[in-house]
Amino acid sequence: MRDTAIGFYASMLVMPSTIIEPFRIKTVEPIRQTTAAERQSLLASAGYNLFSLPADAVLIDLLTDSGTGAMSAAQWSAIMSGDESYAGAKSFQRFEAVVQELTGFHEVIPTHQGRAAEHLLFKMTVSPGHAVVSNTLFDTTRANTEMMGGIGIDLPTESAADLQSEEGFKGNMNLDALEERLSSDEVTTLVMMTITNNSVAGQPVSLDNMHAVSKICRQHKVPLYIDAARFAENAYLSRSRDPALEGMSLPDIARAYFDLADGCTMSAKKGGMANIGGFLALRDPELAARARQALVVTEGFPTYGGLAGRDLDAIAVGLREALDESYQHYRHASIKYLTDRLLAKGIPHVRPAGGHAVYLDSNRFLDHLSPEDLPGQALAVALYLHGGIRSCEIGSVMFGQFAGTQLIQAAEHGLVRLAFPRRVYTQSHVDYLAEVIEEVYADRKSIPGIEIESCPEHLRHFSATFSPKK
Ligand code: F0G
């Protein structure tokens, strides 16, 4: 009897292997089923542009993982202790302390979101004709560089172009190309490492690559910054793909990256687990003083940036929650759960699973269409029509070159991004999503191409209108 009991208790020491959502749900937001006929008519009124759909007609919204996450009970409690004093608020002190502790950067400047931090940094540092070099700049980072007359240069590692390669660190910088660039006579104002690399399917940057980039930057006396929007996912993925990091805690790994840089820009709408917010964090007090002067003019007093005190408190709590082991474990498990199902059915997508999204390879998914048929847009429309799923085209509509409404050069890749909001959807949502994708894939040959009816000159994807080809 005794032995049996001991055997039972001993067996309990082995954890069940199912990875669960590490939370229970306290507040719910209903989502609405629509009929296929309704979706057809909504699409027609939206000009077949998913950005123009009313959000309540979307069943599962995977347009972005930015600002769309669910906050925790601890964050909502922190919101109630928000100090809305104009200057010197306690909320700022709490926020500043967390950012300083996690990043090691002493100068902490809040902003209303990531792009405002980029704008501040580049306003102070980028001069016309000078370059910002990156593993890959995110769109707003590139736009802010160009707005100052600078040139954005992407130097991704070679394997980034191979969507099928299982290499673990396709987010890396191409070190030879960086060395060559910094050795040239062309001026490089700063280097920016985007971790994880959103434009390369959310793939991580390895700590070795970060070390090497930092060394090259120091040799050439060029400052190194981090675009830290998804720093916590980068920490998790780098540990799972680099045996040298085994056993290290996520905060220690994240800190190891920050230690190699001179500062960071941050969108707290992602790794801050908040619905709004961001910051610029720096080592250089003089640069920080200039940033604060500029901040007062556009964002607000330096202890609140463009935010309410309560937002700063939500971010202070969220930044730590992003580095929670069980949360990261669940987040990556749910993304991998979908890519495993896609792999089993041979549905083309970018390998391996990235940090925040699954990217369908629309060129291979819809291989009966030509680039002029805008396969990415055609697939995004089909996913909505069939299952009420909202995704985002990252292909020729976003990055191709057009003369008026005519495609003249297709984007290098045609992708459809399914971005996972944080702590919002459960496994049954992912099951539903997988089923929709599988059914659309089974019927793919009947999906028509799409053409542009009207589009603006810049940021075409937000407001272009389309129609299905006959
Ligand atoms: N950097 C990266 C890597 C991003 O992905 C984003 C935003 C930003 C900076 C800008 O931050 O939105 O707070 O101003 N990415 C969102 C997306 C919009 O859907 O990928 P923001």
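Please read all numbers here as calculations on a predicted model, not as lab measurements. One-based numbering, in listed order, for ligands and for the atoms of each.
- Electrostatic pairing of K270 and D65 does not count as a salt bridge here, judged by no charged N lying under 4.0 Å from a carboxylate O.
- By the criterion of a heavy-atom distance under 4.0 Å, the side chain of K269, and not its backbone, is placed next to ligand 1.
- Protein heavy atom closest to atom 9 (C) of ligand 1, with residue, atom name and distance, is E118 OE2, 3.1 Å.
- Protein heavy atom at the shortest distance from atom 13 (O) of ligand 1 is S267 OG, 2.7 Å.
- For the pair Q75 and A314, the tightest heavy-atom approach, listed with the atom from each and the gap, is NE2-O, 3.0 Å.
- Aromatic ring pairs are classed by plane angle as parallel below 30°, tilted from 30° to 60° and perpendicular above 60°; the pair F279 and F95 is perpendicular.
- Close approach of ligand 1 to S66 (heavy-atom distance below 4.0 Å) involves ligand atoms 12 (O), 16 (C).
- Remark: minimum distance from atom 1 (N) of ligand 1 to any protein heavy atom is reached at D227 OD2, 2.6 Å.
- Protein heavy atom nearest atom 7 (C) of ligand 1, with residue, atom name and distance: K270 NZ, 2.7 Å.
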| task | Apply side-chain hydrogen bond (donor to acceptor under 3.5 Å, both in side chains) to E179 and H220, showing your working. | result | CA-CA 9 Å; E179 178 65 57; H220 293 275; 2.9 Å; yes
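- Considering backbone and side-chain N/O of T140, none are found under 3.5 Å from N/O of ligand 1.
- At the shortest separation from atom 14 (O) of ligand 1 among protein heavy atoms lies R115 NE, 2.6 Å.
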| request: Just do the ring-ring contact (aromatic ring centres under 6.0 Å, His included) check on Y441 and F365 with the steps written out, would you? | output: CA-CA 7 Å; Y441 189 63; F365 196 114; 4.9 Å; yes
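- Residues Y359 and H349 place their aromatic rings such that the two centres sit no closer than 6.0 Å.
- Counting protein heavy atoms only, atom 8 (C) of ligand 1 is closest to F138 CD2, 3.4 Å.
- The shortest N or O to N or O distance between T196 and ligand 1 is not under 3.5 Å.
- Between the choices I276, N198, T68, the shortest heavy-atom distance to atom 5 (O) of ligand 1 belongs to N198.
- Between L63 and ligand 1, a contact under 3.5 Å exists for no N or O pair.
- At a heavy-atom distance under 4.0 Å, only side-chain atoms of R417, from C-beta outward, approach ligand 1.
- For ligand 1 and R230, the ligand atoms under 4.0 Å from any heavy atom of the residue are 3 (C), 4 (C), 5 (O), 17 (C), 20 (O).
- Looking at atom 21 (P) of ligand 1, its nearest protein heavy atom turns out to be Q113 NE2, 3.3 Å.
- A salt bridge links E233 with R331: the distance from a Lys NZ or Arg NE/NH1/NH2 to an Asp or Glu carboxylate oxygen falls below 4.0 Å.
- The only member of D61, L62, I60 that meets side chain to side chain contact (heavy atoms under 4.5 Å, CB included) when paired with P421 is L62.
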